[in-house]
Asks: 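Got a structure here, written out as structure tokens. Questions coming.
Throughout, a chain's letter reflects where its sequence line sits, starting with A, and its residues are numbered from 1.
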There are 2 protein chains.
Amino acid sequence: MTTTAQPSQPGGKTLNPVLAGARPMRGDAARNRARVLDAAHAAFAEDGAEVQMEQIARRAGVGVGTLYRNFPTKQALIAELAQRWADERIEIADQALAMPDPAEAFGWFVRRTAQDMAGDAGLCHLFSGLGGAACEMPDLLIERTEVLLERARRAGAIRPDLNVSDFQAILGGLSAAIAQTDKWELFAEMLITGLRAPAPPCP
Amino acid sequence: MTTTAQPSQPGGKTLNPVLAGARPMRGDAARNRARVLDAAHAAFAEDGAEVQMEQIARRAGVGVGTLYRNFPTKQALIAELAQRWADERIEIADQALAMPDPAEAFGWFVRRTAQDMAGDAGLCHLFSGLGGAACEMPDLLIERTEVLLERARRAGAIRPDLNVSDFQAILGGLSAAIAQTDKWELFAEMLITGLRAPAPPCP
DNA sequence: TTCGAAGTGGAAGTCGAATTCCGCTTCCGC
DNA sequence: GCGGAAGCGGAATTCGACTTCCACTTCGAA
């Protein structure tokens with residue numbers, strides 16, 4: 001590795017992939033990297049975070065060596081997967097923010113997130129069993145969520161005493177619940193109801 | 001071990017403690033067993049499920065050997081702790097069942113459970129990181145919960161489409177959320193609201 | 001087609017945690 | 001107060017991941 005050294009920096013990030021810095025990856029290598037990522041995704045979904053690196057490698061049809069060439073650490077692999085999920089989530093948040101009605105947008109976001117969690121047991125496991133992992137929510141996502149929340153709050157659509165970090169914790173809980181039963185629609189509905197500002201008394 | 005053999009049965013349970021089968025434990029041994037249990041409890045609360053057996057032993061002021069004499073396996077130790085929690089929960093459920101108003105009883109149970117979770121980070125971790133562990137909910141607890149739910153359901157206090165296993169999953173989610181922030185009151189309130197049967201339209 | 005850099009597989013090494021073992025110590029019934 | 005069964009501590013072992021290493025391919029630019 002004579003290229004731009006990427007020795008285990010404290011932060012640990014795997015720097016970009018396919019065309020890092022200057023010299024691009026060899027075609028086959030890029031392909032392998034992708035297969036590994038997919039395999040890891042599937043493996044986590046099936047067996048939770050305790051899958052072994054070797055299983056992932058086998059699943060991807062490569063040797064562990066190859067796996068480690070792309071991701072210096074199991075953590076790094078997980079982080080990459082988490083990053084992808086986060087990016088996707090940011091996109092979803094943006095779509096929600098594009099909706100005119102704040103309350104509707106918020107509900108849609110929650111529902112959609114629940115649905116995505118149900119469809120991706122792997123990440124679901126990672127998120128609920130979080131705390132540990134390198135699964136720091138990227139600031140960008142937090143920020144978007146904050147906006148989404150604030151809009152809903154202003155519109156009086158959700159309880160005023162709900163801040164982002166609480167909401168984040170709640171999403172963690174949601175993923176844990178969904179990891180146990182896939183009743184995401186029920187859970188989403190409950191959540192939305194529970195987060196709603198207490199209804200004014202009937203006239 | 002010439003006594004009633006308790007070789008690793010498939011199920012794995014550590015059979016009773018202090019006065020198992022016939023010959024009772026020696027006084028000091030019983031005392032040590034208790035200390036280990038307490039230490040483990042505290043340790044899990046502080047550091048989550050990844051505490052090492054040796055740390056627990058040190059904390060209890062005994063050697064690992066002693067620890068293993070009482071609990072053949074880390075799993076067994078965890079299971080014992082879980083069992084205690086479950087027993088406590090059963091008691092709480094019974095108290096709730098003794099309350100005249102079903103809706104109130106249900107709310108009280110949820111609130112109380114959330115509070116207990118917040119006060120016992122260890123079990124909280126275990127429950128949220130569940131799935132894995134030997135933390136099978138004992139049938140007795142499930143049964144009590146079922147009754148509690150059914151009563152509330154009949155009284156029209158909760159949504160009719162909520163069964164025990166969903167509720168169990170929800171409690172799992174709750175513990176995960178509480179493990180992240182200790183806003184148990186907020187979460188309990190939300191949950192209770194969310195589980196309530198949709199209010200009839202205002203007259 | 002050739003050649004060297006890039007990439008590969010998987011055996012071997014490492015390392016941290018669980019679990020075992022056993023000589024020594026402490027109870028406790030007589 | 002004795003004897004020996006029960007219990008104890010903690011060093012040593014086992015075990016199961018993760019990671020490293022390197023001889024051997026494969027790619028792709030000239």
Asks: Please enumerate all residues that pass side chain to side chain contact (heavy atoms under 4.5 Å, CB included) together with A:R112, with sequence neighbours excluded.
Replies: A:I92, A:W108, A:Q115, A:D116
Asks: Taking atom C1' of C:dG10 as reference, at what distance in whole Å does atom CZ of A:R59 sit?
Replies: 20 Å
Asks: A:D38: which residues meet the side chain to side chain contact (heavy atoms under 4.5 Å, CB included) condition with it, sequence neighbours left out?
Replies: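 Listed in chain order: A:R84.
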Asks: Which is more 5' along DNA chain C, the nucleotide nearest A:V62 or the one nearest B:V64? Just name the residue.
Replies: A:V62
Asks: Taking only side-chain nitrogens and oxygens of B:N32, does any of them come within less than 4.0 Å of OP1 or OP2 of D:dG7?
Replies: no
Asks: Quick one: list whatever passes salt bridge (charged side-chain N to carboxylate O under 4.0 Å, His left out) with B:E46, sequence neighbours left out.
Replies: B:R59
Asks: For residues B:A43 and B:I56, report the shortest heavy-atom separation together with the two atoms involved.
Replies: CB-CG1, 4.1 Å
Asks: Could you pull out all donor-acceptor pairs under 3.5 Å where a side-chain atom in residues 144-154 of chain A meets a protein atom, sequence neighbours excluded?
Replies:
from: A:R144; atom 1: NH1; to: A:D94; atom 2: OD1; distance (Å): 2.5
from: A:R144; atom 1: NH1; to: A:D94; atom 2: OD2; distance (Å): 2.7
from: A:T145; atom 1: OG1; to: A:L141; atom 2: O; distance (Å): 2.7
from: A:E150; atom 1: OE1; to: A:R153; atom 2: NH1; distance (Å): 2.4
from: A:E150; atom 1: OE2; to: A:R154; atom 2: NE; distance (Å): 3.3
from: A:E150; atom 1: OE2; to: A:R154; atom 2: NH2; distance (Å): 3.2
from: A:R151; atom 1: NH1; to: A:M99; atom 2: O; distance (Å): 3.4
from: A:R151; atom 1: NH2; to: A:M99; atom 2: O; distance (Å): 3.0
from: A:R153; atom 1: NH2; to: A:L162; atom 2: O; distance (Å): 2.8

Asks: Take the protein atom CZ of A:R33 and the nucleotide atom P of D:dC27, then report the distance between them rounded to whole Å.
Replies: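 Atom CZ in A:R33 sits about 19 Å away from atom P in D:dC27.
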Asks: Can you tell me the distance, in whole Å, between the CZ atom of B:R69 and the C1' atom of C:dC22?
Replies: 12 Å
Asks: Pull out every protein N or O sitting under 3.5 Å from an N or O of nucleotides 14-17 of chain C, one pair per line with the distance.
Replies:
from: C:dA17; atom 1: OP1; to: B:Q52; atom 2: OE1; distance (Å): 3.2

Asks: Rounded to the nearest angstrom, tell me the gap between atom CZ in A:R58 and atom P in C:dG10.
Replies: 10 Å
Asks: For D:dG7, does either OP1 or OP2 sit under 4.0 Å from a side-chain N or O belonging to B:T66?
Replies: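 So the side-chain polar atoms of B:T66 never come under 4.0 Å of the phosphate oxygens OP1 or OP2 of D:dG7.
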Asks: Kindly write out the residues that satisfy salt bridge (charged side-chain N to carboxylate O under 4.0 Å, His left out) with B:K74, not counting sequence neighbours, or none if the list is empty.
Replies: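 Listed in chain order: nothing, the list is empty.
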Asks: So which protein N/O to nucleotides 1-4 of chain D N/O distances come out below 3.5 Å?
Replies:
none

Asks: For B:E54 and for A:A29, locate the closest nucleotide of DNA chain C by heavy-atom distance; then report the residue assigned to the nucleotide nearer the 5' terminus.
Replies: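 Per heavy-atom nearest nucleotide, the more 5' residue is A:A29.
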Asks: Where each residue is assigned the nucleotide of DNA chain D containing its nearest heavy atom, which of B:G63 and A:G27 is assigned the position nearer the 5′ end?
Replies: B:G63
Asks: Enumerate the salt bridge (Lys or Arg N to Asp or Glu O under 4.0 Å) contacts for residues 157-175 of chain B, please, sequence neighbours excluded, ordered by first and then second residue.
Replies: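 Matches after skipping sequence neighbours: A:K183-B:D166, B:R159-B:D161.
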Asks: Output all residues satisfying side chain to side chain contact (heavy atoms under 4.5 Å, CB included) with B:E54, sequence neighbours left out; order by chain, then residue number.
Replies: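 Side chain to side chain contact (heavy atoms under 4.5 Å, CB included) list for B:E54, sorted by chain: B:R58, B:V64.
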Asks: Please tell me which of the listed nucleotides, C:dC27, C:dT19, C:dG7, lies nearest to the side chain of B:D28?
Replies: C:dC27
